[in-house]
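This report concerns only the one structure given below.
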Amino acid sequence: MGRAYNSLIKNSSAGARHARRRICSEPNMTILQLISQRASAALDAVGAAGAPAHVQPASKPEFGDYQINGVMAAAKQLRCNPRELATKVLAVLDLAGIAEKLEIAGPGFINIHLDRQFLADKCQLALTDAHLGVELPTRRRVMVEYSSPNLAKEMHVGHLRSTIIGDALARVMSFLGHEVVRANHVGDWGTQFGMLTAFLVENHQDDAGLALNDLEDFYRKAKIRFDESPEFADRARDYVVRLQGGDEQVLQLWRRFVEVSLAHCQAVYTTLGVGLGREHVHGESAYNDDLPVVVEELTRAGLLTENDGAKVVVLEEFRTQDDKAMGVIVQKKDGGYLYTTTDISAIRYRHATLGLDRVLYVVDARQSQHFQQLFTICRKAGFAGDMQLQHIPFGTMMGDDGKPFKTRSGGTVKLIELLHEAEERAFALVSAKNPDLEEGERRHIAHAVGIGAVKYADLSKSRVSDYIFNWETMLSFEGNTAPYLQYAFTRVQSVFRKAGDYDAAAPIVLEEAAEKQLAVALAQFDDVVLAIESDCYLHGLCQYLYQIATLFSRFYEACPILKSEGALRASRLQLAALTARTLRTGLDLLGIEVLDTM
RNA sequence: GCACCCGUAGCUCAGUUGGAUAGAGUGUCAGUUUCCGAAGCUGAAGGUCACAGGUUCGAUCCCUGUCGGGUGCACCA
């Protein structure tokens, strides 16, 4: 029945080849990888083999660009003085061509000031590479399961985070060269659909489209009818049986309902600019025929026991209220199946038929226990093989009052209406700032800004915690927001409109502090994106892009570009060009549009 | 009762397998319009990292306990 709770049923809330050669023997290593490798080698050489180097970007500018923190822990293990060990490490540490200055600081930190030519070369390489210099990891088949609404009702704000986070993850995985399979595991099966199809028959059977124009309203009326009329409730139950039994007449009604509901979803996806279409829909109904097979296979694997007529997988790893092994029911005593059964079937399909290497479930944190149980069962039954299964949890979207986001009257907010409000608010802002633009242009900008703001507000916070939804802060042009980043991008574009022709292959020369600081940040793009591949946290990329925008502004204040001449001007334009490409690429990974003017 | 998550500046949030004087934005105050578009930039003030112990050269981070908030826990999804 989809991944979201159904609050009406349950009463809870729900360059350059030469540059490449000069950098190092292994092309395109990230700075972190490169320094870590060299630092580990140095630790090995001084007798601290295997000690982690603990390399990280410097915590403060006065500490240089990167720092090695692992020496102190190694000294502890070797029972020697950390500063003396640091001196020995420094003597053998080979960062030739990478660092221009190394120093020992504090109790035994090694601070690294990167070499300007090294940085310039890395930026130059990024500028000529389609992937901004990111070395692609081994290609894998990665599924991102996200959005997954319940088709019985319209999408509401509860579906927003999964849809936004999942789509960004799919974009990042795809950028990194993986074969990405997007999956929309919609809730299109179950008892509710008996009620809904029965109600459809009673009402506008001839014009389902009209009746289902407002799905929310339709559902509410059906539920009232179900609760008030025992006769209707019986018919609804009969429809469930007929639906699951393959009765063509009921199936036809069901298909009609699903079609209309999916059309509602598609309107949201289109507005949101999310890469989900009909081809990605693989709902719960698709696994229906396999469910008895799942039960058989579990029996064969010796995992199934019967309890009070229900078929149960008992897991010692999970405890009940009275501290007994917890059972997970896969088949009810009336013969019906549960969503765990469907999920098990989906895992079998994804492993055996799709041959995936990794599956990411972008689903509400509240379902974490369900996924732990699901993964445990599949591992024990051998259904997943080596396929990596990961629940990517996220917190709840809250209103200004810190409680789950609702309308003023306490109802659920339709997602499509929220998105339209974002566009309207952005339109008002753009019209106020720039009234001379034609309305069509302002509408276009408002769409990018409004939707971008909603997405960025979500993505820029750590996904695991709840976050507070606030129109004013997300639509502000100041601070760490989408509009600020979009504006920063248009400013760089504006520089190029005035610059005229310039040498796109000109060498980058880093003299001023502001130039170097910007270059260091630009050279970290690969490390930032690769981190997402493993931890699936997107807020690091947001923070990074904001830093790029800020560093560019400082660079722009400190270093004249257009007023400079010759090689200096060309070099600075190169930095501006890489800034623009980094912002555009990064925002694109987040699913946020950039604009040339706004 | 058991399990998981959370508690950091007035507010919204970062803080990497334990590192240096805990950071950013916003708001407040002050300064700044000689290259793009001030929707910018610079600076200041703002902290008992919920609390109490422990581990150690070093703890916002790890361990134990307490308080406070949230979520989940067998025939819904």
Side-chain angles (χ1 to χ4, degrees), chain A residues 1-6 9-10 14 32 52 54 56-60 62-63 67 69-70 72-73 75-76 82 105-109 111 150 187 190-192 284 307-312 318-323 326-334 336-340 342 364-370 372 393 395-396 402 429 433-434 457 460-462 464-468 470 472-474 476-481 483-484 486-488 490-499 531 535 539-540 542-543 546-547 550 553-554 556-564 569 572 576 597-598:
Chain A
M1 203 182 279
R3 297 301 185 190
Y5 280 69
N6 188 325
I9 278 196
K10 185 183 174 180
L32 223 38
H54 288 302
Q56 62 177 231
S59 55
K60 291 179 170 213
E62 55 263 43
F63 298 152
Q67 59 187 66
N69 296 337
M72 291 167 291
K76 187 178 171 184
F109 296 97
N111 291 339
N150 176 2
T191 53
Q192 301 167 83
E284 294 177 331
N307 193 318
D308 199 16
K311 297 214 167 75
V312 180
F318 299 86
R319 316 305 297 181
T320 59
Q321 297 186 23
D322 34 350
D323 201 37
M326 188 184 283
V328 180
I329 295 174
V330 294
Q331 187 170 19
K332 299 190 285 185
K333 63 182 169 192
D334 69 2
Y337 301 96
L338 289 98
Y339 78 134
T340 300
T342 306
D364 193 303
R366 287 175 289 190
Q367 294 191 51
S368 134
Q369 190 178 47
H370 161 67
Q372 296 320 309
T396 308
L429 284 170
K433 295 274 186 195
N434 220 337
S460 60
K461 275 122 199 157
S462 171
V464 285
S465 49
D466 295 343
Y467 94 97
I468 295 179
N470 182 284
E472 281 68 36
T473 51
M474 78 174 71
S476 171
F477 288 85
E478 291 157 24
N480 189 7
T481 65
Y484 172 86
Q486 288 168 318
Y487 176 68
T490 65
R491 285 180 66 208
V492 188
Q493 292 300 87
S494 190
V495 171
F496 284 98
R497 274 196 296 276
K498 301 250 169 159
D535 66 24
H539 67 289
C542 296
Q543 216 162 28
Y546 181 67
Q547 190 195 357
T550 303
S553 288
R554 288 183 193 162
Y556 190 86
E557 293 281 326
C559 308
I561 301 173
L562 298 173
K563 287 169 100 180
S564 303
R569 184 177 192 267
R572 288 177 175 171
T597 56
M598 61 186 280

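Letters A, B, ... mirror the listed sequences (proteins, then strands); counts begin at 1.
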Rounded to the nearest 0.5 angstrom, the OH-OG1 distance for Tyr487(A) and Thr597(A) is 12.0 Å
Mind checking if [X] touches a base, just sugar-phosphate, or nothing, with heavy atoms under 4.0 Å?
X: Asn307(A); value: base
X: Ala105(A); value: base
X: Leu338(A); value: sugar-phosphate
X: Thr597(A); value: base
X: Ala310(A); value: base
X: Asp334(A); value: nothing

When you get a sec, tell me which of G19(B), C73(B), A24(B) is the closest nucleotide to the side chain of Ala73(A)? G19(B)
Could you go step by step and tell me if Tyr484(A) and Thr550(A) meet the side-chain contact (heavy atoms from CB on, under 4.5 Å) rule? CA-CA 10 Å; Tyr484(A) 172 86; Thr550(A) 303; 4.1 Å; yes
Between protein and nucleic acid, restricted to nucleotides 13-16 of chain B and to nitrogen or oxygen atoms under 3.5 Å apart, what atom pairs and distances do you find?
unit_1	atom_1	unit_2	atom_2	d
C13(B)	OP1	Ile468(A)	N	2.9
A14(B)	OP1	Ser462(A)	N	2.5
A14(B)	O3'	His539(A)	NE2	3.4
A14(B)	O2'	Gln543(A)	OE1	2.8
A14(B)	O2'	Gln543(A)	NE2	2.3
G15(B)	OP1	His539(A)	NE2	3.1

For [X] and [N], say yes or no: do the ring centres fall under 5.5 Å of each other while the ring planes differ by less than 30°?
X: Phe477(A); N: A39(B); value: no
X: Phe109(A); N: A20(B); value: yes
X: Phe63(A); N: A20(B); value: yes

With a 4.0 Å limit, can you tell me whether Lys563(A) has a side-chain N or O closer than that to the phosphate oxygens OP1/OP2 of C36(B)? no
Look at the side chain of Thr490(A) and the base of G37(B), then say whether one donor and one acceptor between them are separated by less than 3.5 Å. yes
